[in-house]
Amino acid sequence: MNSLIGSTVRCLRSGAASFLSRRADGRVCTVSARLLCSASDIQKDLGEMVKKDKVVVFMKGTKAQPMCGFSNAVVQILRMHGVDDYASYNVLDDQDLRQGVKVFSNWPTIPQVYFNGEFVGGCDILLQMHQNGDLVEELKKLGIRSALLDAEKESK
Amino acid sequence: MLTSILRCVRPVSTSIAINRSLAHFKPLMDPDPSRPVEKAIRTKLTNTLKPDHLEVFNESHMHAVPPGSESHFRVLVISSQFEGLSLIQRHRLVNETLKEELSSCVHALAIQAKTPDQWRSNPTLNKSPPCMGGSRGGPTVEEKLNAGQK
């Protein structure tokens, strides 16, 4: 129910009154048009959201209080590498976002990690990248120096 | 077909068992007809990826869902079909195979996808992190976090 209200508000706000007009067959589109309007808005927004920041995470909960063990794992891994300044979006706050990001990434689960607008994977992939050293390299390509390199240097 | 099903339900008395705490996981049992999703996952992964080794764990009991749920799974797939594929390509292959389950009742799927060589050099099964309540939040989170700290 909330998502229907939410999508209606979004459509009205964006001035998409034309979606409520009659179609060629004379029928008035109401609910389905509103939902379509919202879905395509989300896809467009996501295209911008993933490019706005170097590191973007779609997760359950927030960086400060993850609400899912897998999302928390992503936060912890990034924190270990000294990456705290990234964009994170809580899908539990927005069911349209939660569904939309799965369509956008063509990936069925949350969390989802993006580097420089490119989809990297979920918790499992980030964990394996961390374990095999690839994460340090990928962060370097983003211009981010992993804190683990400094920790390694200090221990030598 | 029978041999591939039997391969799926091979008991845990192999060298792989040394590398993980058995207490953490439910013991592998013969596919129970009353667990249709788990059965479907095994069957589809076996038929599509022809794995050398496959383990499917229903981890729903570790999450804030009703008993008997089939919503959270962990799979370990060892297949030569993963040769030359990146991690994300491997995971997409698994996701695609289980598309139907993932778009219906399966809410979380942890994947380890290795080639036979990779598995031989590091036969370690990853453990899933403790649940933090998900969309339920509230007292469940606190209970689970407290349980994890004990």
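To find a chain, count down the sequence lines: A is the first, B the second, and so on, and within it residues start at 1. In what follows, every heavy atom counts, from backbone to side chain, and hydrogens, waters and symmetry copies are set aside.
- Only the backbone of A/Val120 comes within contact range of chain B, with at least one heavy atom under 4.5 Å from a heavy atom of that chain.
- At a threshold of 4.5 Å between side-chain heavy atoms, the hydrophobic network of Ile, Leu, Val, Met, Phe, Trp and Tyr places A/Val55 and A/Met80 in two separate groups.
- One hydrophobic cluster, built from ILVMFWY side chains closer than 4.5 Å, cannot hold both A/Val113 and A/Leu148; they sit in different ones.
- A/Asn106 has its side chain within reach of B/Arg92: a pair of non-hydrogen atoms, C-beta onward, lies under 4.5 Å apart.
- With chain A as the partner, the residue from B/Ser103, B/Ser86, B/Ala110 showing the most heavy-atom pairs under 4.5 Å is B/Ala110.
- Taking each heavy atom of A/Pro108 and B/Leu102 in turn, the nearest pair found is CG-CD1, 3.6 Å.
- Going from atom NZ of A/Lys60 over to atom CE of B/Met132 covers 12.5 Å, rounded to the nearest 0.5 Å.
- Residues A/Val75 and A/Phe70 fall into different hydrophobic clusters, defined by Ile, Leu, Val, Met, Phe, Trp and Tyr side chains chained together at heavy-atom separations under 4.5 Å.
- The minimum heavy-atom distance between A/Met129 and B/Leu87, with the atom names listed, is CG-CD1, 4.5 Å.
- Linking Ile, Leu, Val, Met, Phe, Trp and Tyr residues whenever their side-chain heavy atoms come within less than 4.5 Å leaves A/Val103 and A/Val57 in two separate clusters.
- Side-chain heavy atoms closer than 4.5 Å link hydrophobic residues (I, L, V, M, F, W, Y) into clusters, and following such links, even through other members, never connects A/Tyr114 to A/Val136.
- Put simply, the side chain of A/Ile125 reaches to within 4.5 Å of the side chain of B/Ile88, judged on heavy atoms.
- Of all heavy-atom pairs between A/Asp124 and B/His91, the closest is CB-CE1, 3.6 Å.
- Using a 4.5 Å cut-off between heavy atoms, A/Asp134 makes no contact with chain B at all.
- Atom CD of A/Gln131 and atom CG of B/Asn122 lie 8.0 Å apart (nearest 0.5 Å).
- Distance CD/B/Gln118 to CD/A/Gln128: 8.5 Å, rounded to 0.5 Å.
- The two residues A/Leu127 and B/Asn126 make their nearest non-hydrogen contact at CD2-ND2, 3.9 Å.
- Residue A/Gln43 qualifies as enclosed at atom CD: its count of foreign heavy atoms under 6.0 Å is above 12.
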